[in-house]
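Just so you know, these numbers come straight off a predicted model, no measurement behind them.
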Amino acid sequence: MADPMLNDNSVLSTASMEVEEPPPQASRASRKSLTQIIFAHDGAAARQSHSMTSGHVPGASRPSLASQPLLACRETVPEADGQSGALEVVMGTGGRAGRNSIFTAEVEETIIHEDPAQASWLASRSGHLFQLLLCCSLIAISVYVTVFQKIMSKRSGGIDPAAINIDISLFSILAALGIVFYKKEQHILFCEGWYWKVAKFALPGFGFALTSYLGIVAVIFLPADTSKVLEQTRLLVLAGMSKLWFKKGQSSTAWNSLIVITLASICYAQMKEMEKDIATANKQEGRAATDSEEKKNDFLFIVGVVICLGNVVLQSFVSIWCEGILKSEKETPFYIQKFYIEVPGLFCGFLLALAVNPLMVAALEALGRSLGIEKAVERPIQGMKGNWFANPFEGWDDFFFYLVFIFMISKSWVSGFLVKQLSSIVKQLCAVIAVGITYFTSLIHLQCPTKGDFFCLGNLKSATFPMMAMDLCVILSVVGYALAGNEANEREKMKKEAEEARAALNRTTTDGDGPDV
C-alpha cells in the first residue's frame with residue numbers, strides 16, 4: 001500500500017535523489033521489470049478480491065478450474081463525483097500526471113513502491129528516452145492505421161470494414177482467452193454470472209464496433225488527414241454532452257478553445273478540398289471540368305464529411321453513455337474487459353456484414369444514380385460488397401491487408417492498454433501530434449506518382465504553406481486547450497490542499513496549542 005506521506009508532487013524526485021543504485025539485498029532476478037509492475041497494477045484489486053473470496057494464498061499453486069467453485073463477479077460502485085475515461089478528455093479530471101513520468105500518478109506511485117530503482121531510472125535520461133519512444137509508438141500506430149486503411153481502400157479489392165472488424169473481434173477474443181488461461185485467471189473471467197457481464201458490456205461492444213466500422217467508411221471517402229482532423233470536433237461534442245448530462249461546465253476560455261478547434265478543423269477540410277480541385281484542374285491542362293466530375297468530387301467529399309461527423313457524434317454518445325459501465329469495471333484486468341466487449345462486438349460485426357453493409361451500398365448506389373455518377377460511386381464502395389460468410393478470408397492475399405489488420409490490432413490492444421496508464425495530458429498531446437503528422441505521411445505514402453510505390457519522400461516538397469498553416473492551427477488550438485485544462489486542474493488541486501492546510505491549522509489553534517515552529 002502506498003505511503004500516505006509520499007505524494008505525487010515529490011515522490012519521484014525523492015526516489016531519484018535517494019536511490020541511485022538498486023538495493024544490494026535484492027538480486028536482479030527478484031526485481032520486477034517496469035512492464036511487470038504496470039501489468040500487475042492493471043486489475044490488481046480484482047485479483048486481490050477474488051483471492052480473498054476464494055481463500056487462495058498469493059504465490060501458492062492454484063487448484064484446477066474444475067475443482068474451484070464459481071465466485072461471485074466483483075463489482076465496484078462508481079464514485080458520485082468522479083469522471084474518467086472519455087470525460088477526462090474534456091473535464092481535465094482522472095489520469096493525473098505523475099511528476100516526472102508520462103504515467104498517471106497512481107501508476108507512478110505503484111512503480112515507486114514496487115521498485116524504487118525503476119522509479120529512479122524513469123527520472124534518468126535513458127528513462128526519459130524510453131518514455132519518448134513509448135509516446136512515439138502510440139503516435140505511429142494512430143497515424144499508420146489510417147494510412148494503411150486508405151491504401152487498402154484504393155486497391156483493386158478495396159476494404160470491407162465489416163469483415164475486418166469481425167476478424168479483429170475473433171482475434172481479440174482468442175487472445176483474451178489465451179492470456180486468461182496462461183495466467184490461470186479463469187476464476188475471474190468465468191465468475192458466477194459472467195454471462196451477465198457480457199450482457200452488461202453489450203452496449204459498449206456494439207457501440208465501439210459500429211464506430212470502428214463508420215471510421216473506416218469515412219476514410220474510404222475522405223483523405224486520411226482530413227478524416228483525422230475532423231475527428232477533433234469530438235472535443236466540442238463531448239463538452240456539450242457532458243454539460244447536458246452531467247452539468248459539468250467549461251470555463252469561458254475552454255469553450256473558446258473548443259470553438260477554435262472546431263472552426264480550424266472545418267477550415268482544414270475545406271482547404272484540402274480546394275487543393276484537390278486545383279490539382280485536378282492542373283491535370284486537365286486548362287480543360288474545364290465537366291458537371292459530372294464536379295458532382296463526383298462534391299458527392300464523395302460530402303458523403304465522407306457526413307459519415308465522419310456522424311461518427312463523431314455517435315462515438316461521443318457511446319463514450320458518455322458507457323462511462324458508468326466502464327467505470328464500475330475499472331479494476332477488472334484490461335484483457336478480461338476486452339473479452340466482455342469483443343463478444344457483443346463480434347455479433348455486431350455479423351449484423352454489419354449481413355444488413356448494414358448491403359443497405360449502405362444500396363443507398364449510395366441509388367444516390368449516385370440520381371446524380372448521374374454511378375460509376376464514380378462504384379469504386380470506393382467495391383470492398384463493401386464482399387460477403388464475409390461466403391469468403392471469410394477475402395482480402396488476406398493482399399500484403400496491405402495484413403498491415404491494416406496488425407495496426408488495428410495494435411491500436412485496439414497496445415494503445416488501449418497503455419492509454420489506461422498514461423496521464424490525460426499525455427494522451428491529448430500524443431493524439432494531436434498524430435493529427436499533425438498525418439498530413440505529411442499522406443504526402444509520402446498516398447500520393448506517389450508511380451502506382452505501387454509506397455515511400456516517396458520527395459513529395460514533401462509539394463506541401464503547401466496554406467495547408468501547413470492550417471495544420472499548425474489545429475495542433476496549437478488542441479494543445480492550448482489541453483494545457484489550459486491541465487493548469488485548471490492543478491489550480492483546483494492547490495486550492496484543495498490550501499483549504500485542507502487551513503482547516504488543520506484552525507483545528508490546532510482551537511485545541512489551544514500553537515503550530516509547531
Side-chain angles (χ1 to χ4, degrees), residues 33-44 46-47 50 62 65 73 85 134 137-138 140-142 144-145 148-149 152 159-191 194-195 197-213 215-216 322 325-326 329-350 352-353 388 392-396 400-422:
S33 68
L34 180 63
T35 306
Q36 290 173 324
I37 294 172
I38 295 176
F39 267 94
H41 175 78
D42 179 53
R47 297 188 194 93
H50 282 287
R62 185 178 298 280
L65 179 63
C73 290
L134 200 60
S137 66
L138 293 177
I141 290 172
S142 178
Y144 277 94
V145 69
F148 289 134
Q149 286 173 354
M152 192 65 195
I159 182 172
D160 186 348
I164 198 165
N165 275 299
I166 292 174
D167 295 335
I168 289 173
S169 293
L170 286 171
F171 177 89
S172 296
I173 291 171
L174 294 176
L177 288 174
I179 295 173
V180 166
F181 278 89
Y182 174 76
K183 302 187 75 171
K184 298 180 180 179
E185 293 181 348
Q186 303 94 314
H187 60 293
I188 300 179
L189 175 62
F190 298 109
C191 54
W194 66 273
Y195 39 84
K197 282 215 171 190
V198 174
K200 178 181 180 180
F201 276 88
L203 182 58
F206 269 75
F208 296 151
L210 181 57
T211 54
S212 175
Y213 169 85
I216 298 176
C322 301
I325 298 175
L326 298 177
E329 298 291 339
K330 63 183 178 182
E331 294 179 349
T332 303
F334 174 71
Y335 44 89
I336 293 181
Q337 284 187 0
K338 286 293 291 181
F339 177 85
Y340 292 147
I341 289 175
E342 294 295 347
V343 169
L346 177 62
F347 287 97
C348 180
F350 292 152
L352 291 171
W388 185 88
F393 297 103
E394 184 177 3
W396 285 88
F400 279 98
F401 185 91
Y402 289 92
L403 292 177
V404 173
F405 183 79
I406 291 171
F407 273 81
M408 288 186 69
I409 286 291
S410 299
K411 184 177 180 180
S412 176
W413 278 83
V414 180
S415 297
F417 174 77
L418 287 178
V419 159
K420 288 182 65 178
Q421 317 302 327
L422 301 183

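Counted within 6.0 Å of CZ on Phe347, heavy atoms from surrounding residues, nucleotides or ligands total 12 or fewer; the atom is thus considered open.
In this structure, the side chains of Lys183 and Pro333 stay at 4.5 Å or more apart for every pair of heavy atoms. Ile341 has its side chain within reach of Phe208: a pair of non-hydrogen atoms, C-beta onward, lies under 4.5 Å apart.
The CZ atom of Phe407 sits 5.0 Å away from the CZ atom of Phe148 when rounded to the nearest 0.5 Å.
Across every non-hydrogen atom of Ala162 and Tyr213, the tightest pair is N-CD1, 3.7 Å. Nearest heavy-atom pair across His187 and Lys184 is CE1-O, 3.4 Å. Of all heavy-atom pairs between Phe401 and Gly395, the closest is CB-O, 3.1 Å. Here the closest non-hydrogen pair linking Gly205 and Pro344 is CA-CG, 4.1 Å. The two residues Tyr335 and Ala176 come nearest to each other via the heavy atoms O-CB, 3.3 Å.
Each of Leu346, Asp160, Ile216 was compared with Asn165 under the side chain to side chain contact (heavy atoms under 4.5 Å, CB included) criterion, and only Ile216 meets it.
Here salt bridge (charged side-chain N to carboxylate O under 4.0 Å, His left out) pairs that include residues 334-347, with residues two or more places apart or in two chains, are Lys338-Glu342. Sorted pairs that involve residues 161-176 and meet salt bridge (charged side-chain N to carboxylate O under 4.0 Å, His left out), not counting sequence neighbours, are lacking altogether.
Aromatic pair Trp194/Tyr340: centroids not less than 6.0 angstrom apart.
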